[in-house]
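So the structure is just underneath, and the comments pick up after that.
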Amino acid sequence: MIESLKIWWNEREPRERVLLSIMLALIGGLIAWLGLYRPIEAGLRQAALDNLEAAERHADVAYKVGLLQRAEKRATGASALPVEQIVGQSAGEAGFTLERVQAQGNDRVDVAIASARSPALLGWIAALEGQGVAVDRAMISPSGVTGMVSAQLSFRRVGS
């Protein structure tokens with residue numbers, strides 16, 4: 001086979017050999033570009049995107065850990081009042097009417113709110129977290145009125 005290629009090559013005129021050499025060099029370059037460069041470049045681009053996504057997830061987790069640590073530090077100086085009393089007082093101050101309050105010991109309480117504006121409800125929950133009381137479970141659903149929600153919440157003292 002190689003002998004037949006040599007014979008065929010030697011039968012070509014010098015001008016044809018130059019053109020065939022240029023053509024083979026271009027085909028080789030195209031194969032190298034499509035077969036090597038583009039897959040490697042695509043892999044590097046994807047690795048950079050994956051790295052950026054991982055860095056964003058890491059920053060998000062680090063931020064949340066910091067929030068939890070600050071909440072834990074605030075909770076150490078939290079009131080010694082029962083959670084039921086803390087939640088009841090703050091609900092009254094925030095203007096919420098608690099439909100149901102069920103204490104689960106000194107460190108836990110379940111409450112139900114029939115109707116509240118969602119931004120006010122979430123602000124109240126955030127204020128409670130500042131007092132060392134965290135949400136253990138929450139079920140918030142739209143009520144019949146536009147912009148209003150009903151909520152069933154379970155609170156616990158942070159650290160218990």
Side-chain angles (χ1 to χ4, degrees), residues 1-78 83 86-87 90 94 96 104-105 107-160:
M1 168 109 171
I2 293 178
E3 275 304 312
S4 63
L5 282 175
K6 283 183 183 178
I7 294 170
W8 177 82
W9 182 260
N10 290 330
E11 290 176 352
R12 303 293 116 208
E13 293 183 20
R15 181 178 56 93
E16 289 176 333
R17 288 184 201 157
V18 169
L19 289 174
L20 286 171
S21 298
I22 291 171
M23 181 188 70
L24 290 173
L26 289 173
I27 289 174
L30 181 66
I31 289 172
W33 181 61
L34 291 175
L36 296 174
Y37 175 76
R38 294 219 16 210
I40 290 172
E41 189 262 340
L44 290 173
R45 188 179 329 119
Q46 185 62 44
L49 290 174
D50 291 346
N51 186 35
L52 179 63
E53 183 182 328
E56 288 174 351
R57 279 194 320 263
H58 177 268
D60 187 41
V61 168
Y63 173 73
K64 289 178 181 177
V65 166
L67 287 177
L68 288 172
Q69 288 173 341
R70 279 180 268 163
E72 193 73 33
K73 286 179 185 175
R74 282 193 305 256
T76 57
V83 174
I86 295 171
V87 170
S90 66
F96 295 117
Q104 307 286 329
D107 291 338
R108 295 184 187 278
V109 65
D110 294 332
V111 298
I113 299 174
S115 182
R117 295 204 178 278
S118 59
L121 178 66
L122 296 176
W124 173 62
I125 291 171
L128 279 173
E129 288 176 350
Q131 296 177 18
V133 178
V135 175
D136 199 25
R137 283 186 325 246
M139 190 170 85
I140 300 173
S141 57
S143 66
V145 181
T146 303
M148 303 294 276
V149 295
S150 63
Q152 294 180 357
L153 305 164
S154 177
F155 293 99
R156 66 173 169 76
R157 187 179 311 274
V158 175
S160 64

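Values below: all heavy atoms of this structure, side chains included; hydrogens, waters and symmetry mates excluded.
Within the 4.5 Å cutoff, side-chain heavy atoms of Asp60 are placed close to those of Lys64. Residues Leu20 and Trp9 are in side-chain contact: their nearest non-hydrogen atoms beyond the backbone lie under 4.5 Å apart.
For the atom pair CD1 (Ile27) and CD1 (Ile22), the distance works out to 12.5 Å, reported to the nearest 0.5 Å. Here the CZ-CG distance, from Arg117 to Leu122, works out to 13.5 Å after rounding to the nearest 0.5 Å. To the nearest 0.5 Å, atom OH of residue Tyr63 and atom NE2 of residue His58 are 15.5 Å apart. Remark: Arg157 CZ to Asp136 CG distance equals 13.5 Å, nearest 0.5 Å. Remark: Glu129 CD to Leu68 CG distance equals 9.0 Å, nearest 0.5 Å. Atom CG in Leu153 sits 6.0 Å away from atom CG in Leu121 (nearest 0.5 Å).
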Worked verdict on Arg137 versus Asp110 for side chain to side chain contact (heavy atoms under 4.5 Å, CB included): CA-CA 9 Å; Arg137 283 186 325 246; Asp110 294 332; 3.9 Å; yes
Chi angles and distances behind the side chain to side chain contact (heavy atoms under 4.5 Å, CB included) call for Val135, Leu128: CA-CA 9 Å; Val135 175; Leu128 279 173; over 6 Å; no
Intermediate values then yes/no, side chain to side chain contact (heavy atoms under 4.5 Å, CB included), Ser118 and Val149: CA-CA 6 Å; Ser118 59; Val149 295; 4.1 Å; yes
Worked check of side chain to side chain contact (heavy atoms under 4.5 Å, CB included) between Trp124 and Val87: CA-CA 10 Å; Trp124 173 62; Val87 170; 3.9 Å; yes
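Met23 CE: more than 12 foreign heavy atoms inside a 6.0 Å radius. Summarising the local packing, CZ of Arg12 is surrounded by more than 12 heavy atoms from other residues, nucleotides or ligands at distances under 6.0 Å.
Judged by distance alone, with hydrogens and angles left aside, the side-chain atoms of Asn10 form a donor-acceptor pair with the main-chain N or O of Lys6 at under 3.5 Å.
Electrostatic pairing of Arg17 and Glu13 does not count as a salt bridge here, judged by no charged N lying under 4.0 Å from a carboxylate O.
For the residue pair Ser141 and Ser150, a side-chain donor N or O sits within less than 3.5 Å of a side-chain acceptor on the partner.
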